Amino acid sequence: MSSLQPVRGTHDLLPEDMRRHREVLEAGRAVANRFGYDEIATPIFEKTEVFKRTLGDTSDVVTKEMYTFSTKGGDDITLRPENTAGVARAFMSNGLSQQLPVKYFYGGPMFRHERPQKGRQRQFHQAGVELLGVEKPQGDVEIIALGVHFLKELGVYDDTVLELNTLGDVESRKAYRDALVEYFSNFKDQLSEDSLDRLEKNPLRILDSKNEGDRKLVAEAPIFSDYLNDFSKDFFVQVKAGLDDLGIAYEINPRLVRGLDYYCHTAFEFTTTALGAQGTVLAGGRYDGLIKMMGGPATPGVGWASGIERLSMLMTREVSAPKPVVIIPMGEAADKRAPIIADELRYAGYRTELGYSGNLKKRLNRANKQNACVAIIMGDDELAENSATVRDLVSGDQSIVKLDELTKKLSIYR
RNA sequence: GUGGCUGUAGCUCAGUUGGUUAGAGCACCGGUUUGUGGUACCGGGGGCCGGGGGUUCAAGUCCCCUCAGCCACCCCA
C-alpha cells in the first residue's frame, strides 16, 4: 500500500494540473522570447562538484538538501537543486564566452530534500532566465522587466510586491560583513542559536531573523548603506532609475539578502501574501562572480528563477479544458464509417472523439462529460444520403449536414 | 532536521461514554426512455476506517510505533 504512494514531496501532475503548469511555462517562454531569450535545457543532474563549487560548502542547499548518489561508473552525481549552476556550466562547456551577451530561458524540474509543506515540494518546477555578459545596470533592469511581463501575462502581477535590495560589490559586502561579524560577536550570549550559526555561515541572514531577541540587536546593528562604496551606490541608483523609467514599482527591503558569495549588487524577490509562508514566487539577482568561481572567464550575470507550482496556485484564471468534437455512430454502416470521418477531422486539426457504446442518450451524456462542443450523430439512414446530424451541445440546435461539408461547417468550433 | 495539528468510499465529511452487517452528499454504473444530453425519480457497485503492534469479552473510537498530508521554524522558487 505505502509503495503505491508517490515518494514524499513528489506529486503527479494530472491533466488539470498539467494544463495550468503548461500555461505558466508557455507564458514564460513566450515572454522571454519577446525579450530575445532563447530556451535551452541542461541535464537534470550534474556532477556534484558543479553545485558544491557554486553554492558553497556551507549553504543549506549543499549541506542538507541535495539528492546525491554515485553511479555505477563511480561518478558523484546530484539532481539539480537549481539551474543557474547548470546554465553556467553549459556556458563554459560550449565555449559561449565568445558570443556575449548570452540570453537564455529554461524550465524544468528541480530537486531539494526539504520538508514538504504548502508551496514546497521535493521535486518542483522552475522557469527561469539568465543574462550573461552584461555588466551594466541595464541588464538588471531588463531582467526584472522580463519578470514583470511574465507575471502580468499570468495575471498575478497585482498580487505581488517587488522587493529590492543591493548587496554591493565584493569590496562593499566584505566591509559590511566584517562590521556585522564584529558587532554581533559582542552579543554572542544574546543571539539565538540559529543566529549563532548564521554568524559563522552567513552573517547577513541575522538581519532577517524572526527571533525577538535578535531583532533588538539588529535594530542597533551597522547599516549596509554606510558601507557601500561609490560604485555600488551608483549602480543601485541606476537600477532604481531604470525601473522608475519603466513604471515598475518596488519596495526597498534592506533585509533582503543572498547567502552565496558570488551574488552582488541587485537582489530582488516578487512576493505574495496569498500563499502562506512560502510567499516568494520569483526571485533573482546579479551574480558577477559565478562563472569565474567555476573556473571560467570572468563574466557578469543576472537572472531569476520562478516557482511554477507557486505561480499556478496564485493564478486564479481558469485554464480551459479542450472541447472535442464527438462522433456518435448509430448503426453498422455508421460504425464502419465513423473512424474514417474522425481521421479526416483529426487531419483537419479538430480534437475528435468517438462515442461507441450505449444508446444515444448515454453517448450524448458522455459527450457532455468530455466537454464536447458539438456532436455528430450518424445513423445509417443519414449516411445513405452522405450526411449526418450536427448538434451544437451548448445551444441544442441541430441540422443535417452533407459529409463533404462537415469540415467547413465545423470551422466555427475551432 | 525540529515542533504542533490531521488521516473513515474517487472527492467533501458524519460516526454518541469503546457495543451487532460503518453512514451521507457529490461522483460513478444501471433503469424509467432500443435515435436526442445537461433536469427529475428509482436502483446498484464501491471501505482491511493510512499501515503495524498493544489494551479489552469487544477498537473507526483508547495507548505506542510508523508512513503521509497540513501549518510553523530553518531555508528557499
Side-chain angles (χ1 to χ4, degrees), chain A residues 1-11 14 24 28 55 58-65 80-84 107-128 147 160 192-195 197-198 201-202 205 208-211 256-260 268-272 275-284 303-314 326 328-331 334 355 357-372 374-382 388-398:
Chain A
M1 190 63 172
S2 66
S3 68
L4 293 181
Q5 286 177 330
V7 172
R8 182 169 206 191
T10 67
H11 294 279
L14 297 178
V24 173
L55 299 173
T58 56
S59 72
D60 272 34
V61 170
V62 168
T63 53
K64 53 188 195 192
E65 294 175 4
R80 61 184 187 191
E82 54 95 37
N83 204 31
T84 301
M110 307 293 159
F111 306 85
R112 288 182 202 170
H113 192 102
E114 301 180 274
R115 184 111 169 203
Q117 68 182 75
K118 188 183 182 72
R120 170 188 287 171
Q121 303 165 202
R122 288 182 172 181
Q123 176 177 344
F124 61 105
H125 298 79
Q126 287 187 335
T160 65
S192 69
E193 207 175 305
D194 283 335
S195 286
D197 203 37
R198 294 178 181 120
K201 292 182 184 171
N202 186 6
R205 277 267 170 232
D208 203 18
S209 175
K210 283 165 190 161
N211 179 282
L256 180 61
V257 295
R258 286 284 122 89
L260 312 172
F268 63 92
E269 290 187 8
F270 288 85
T271 60
T272 177
L275 256 35
Q278 261 57 51
T280 302
V281 118
L282 185 154
W304 51 250
S306 64
I308 294 181
E309 284 85 354
R310 290 184 187 177
L311 286 171
S312 103
M313 278 192 283
L314 195 56
V326 173
I328 302 177
M330 304 295 295
S357 63
N359 56 31
L360 183 58
K361 179 191 163 85
K362 288 211 192 322
R363 298 195 205 190
L364 281 171
N365 218 310
R366 202 165 299 129
N368 270 330
K369 304 240 165 78
Q370 288 169 325
N371 198 28
V374 61
I376 299 167
I377 302 163
M378 288 185 351
D380 287 354
D381 44 348
E382 287 146 310
T389 300
V390 173
R391 182 176 177 84
D392 185 306
L393 290 175
V394 178
S395 66
D397 297 340
Q398 66 181 42

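Worth saying up front: this structure is predicted, and the values here are computed from it rather than measured. Side chains included, hydrogens not; waters and symmetry mates left out as well; all remaining heavy atoms used. Chain letters run A, B, ... following the sequence lines, proteins first and then strands; every chain starts at 1.
The CD-C1' distance, from A:Gln121 to B:A77, rounds to 11 Å in whole Å. The distance from atom CG of A:Asp194 to atom P of B:G1 is 16 Å, rounded to the nearest whole Å. Atoms NZ (A:Lys361) and C1' (B:C41) sit 11 Å apart, rounded to a whole Å. Summarising the geometry, the separation between CD on A:Glu193 and P on B:C75 is reported as 13 Å, rounded to the nearest angstrom. Here the C1' atom of nucleotide B:G37 and the CG atom of A:Asn368 are 5 Å apart, to the nearest Å. The distance from atom CG of A:Asn359 to atom P of B:U36 is 9 Å, rounded to the nearest whole Å.
Judged by distance alone with a 3.5 Å cut-off, a donor-acceptor contact links the side chain of A:Arg120 to the base of B:C75. The base of B:G37 lies outside donor-acceptor range of the side chain of A:Asn365, with no N or O pair under 3.5 Å. A donor-acceptor contact under 3.5 Å links the side chain of A:Glu382 to the base of B:G35.
When the side chain to side chain donor-acceptor pair (under 3.5 Å) test is applied to A:Asp381, no partner is found at least two apart in sequence or on another chain.
Within the 4.5 Å cutoff, the side chain of A:Pro109 has no heavy atoms near those of the A:Gln126 side chain.
Looking at RNA chain B, the stems built from 3 or more consecutive Watson-Crick or G-U wobble pairs, each pair with its key distances under 3.5 Å, are B:1-7 with B:67-73, B:10-13 with B:23-26, B:28-32 with B:40-44, B:50-54 with B:62-66.
Nucleic acid contact for A:Asp208: none, since no nucleic acid atom lies under 4.0 Å from a heavy atom of the residue. Looking at heavy-atom distances under 4.0 Å, A:Asp381 makes contact with a base. Within 4.0 Å of A:Gly9, counting heavy atoms only, lie sugar-phosphate atoms of the nucleic acid but no base atom.
Between A:Arg391 and B:U36 there is no side-chain polar atom (N or O) within less than 4.0 angstrom of OP1 or OP2. Between A:Lys369 and B:G38 there is no side-chain N or O to OP1 or OP2 distance below 4.0 Å. Between A:Arg198 and B:C75 there is a side-chain polar atom (N or O) within less than 4.0 angstrom of OP1 or OP2. OP1 or OP2 of B:A72 sits under 4.0 Å from a side-chain N or O of A:Gln117. Considering only side-chain N and O atoms, A:Lys210 lies under 4.0 angstrom from the phosphate OP1 or OP2 of B:C74. Proximity of A:Lys362 to the phosphate of B:G31: a side-chain N or O atom is located under 4.0 Å from OP1 or OP2. In this model, the phosphate group of B:G37 is not approached by any side-chain N or O of A:Arg366 to a distance below 4.0 Å at OP1 or OP2.
Proximity note for A:Arg115 (side chain, C-beta onward) versus B:G37, B:C74, B:G1: the nearest is B:G1. Side-chain proximity of A:Arg8 to the nucleotides B:U36, B:A68, B:A77 is greatest for B:A68.
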Any N/O pairs under 3.5 Å between the protein and nucleotides 9-11 of chain B? List them or say none.
none

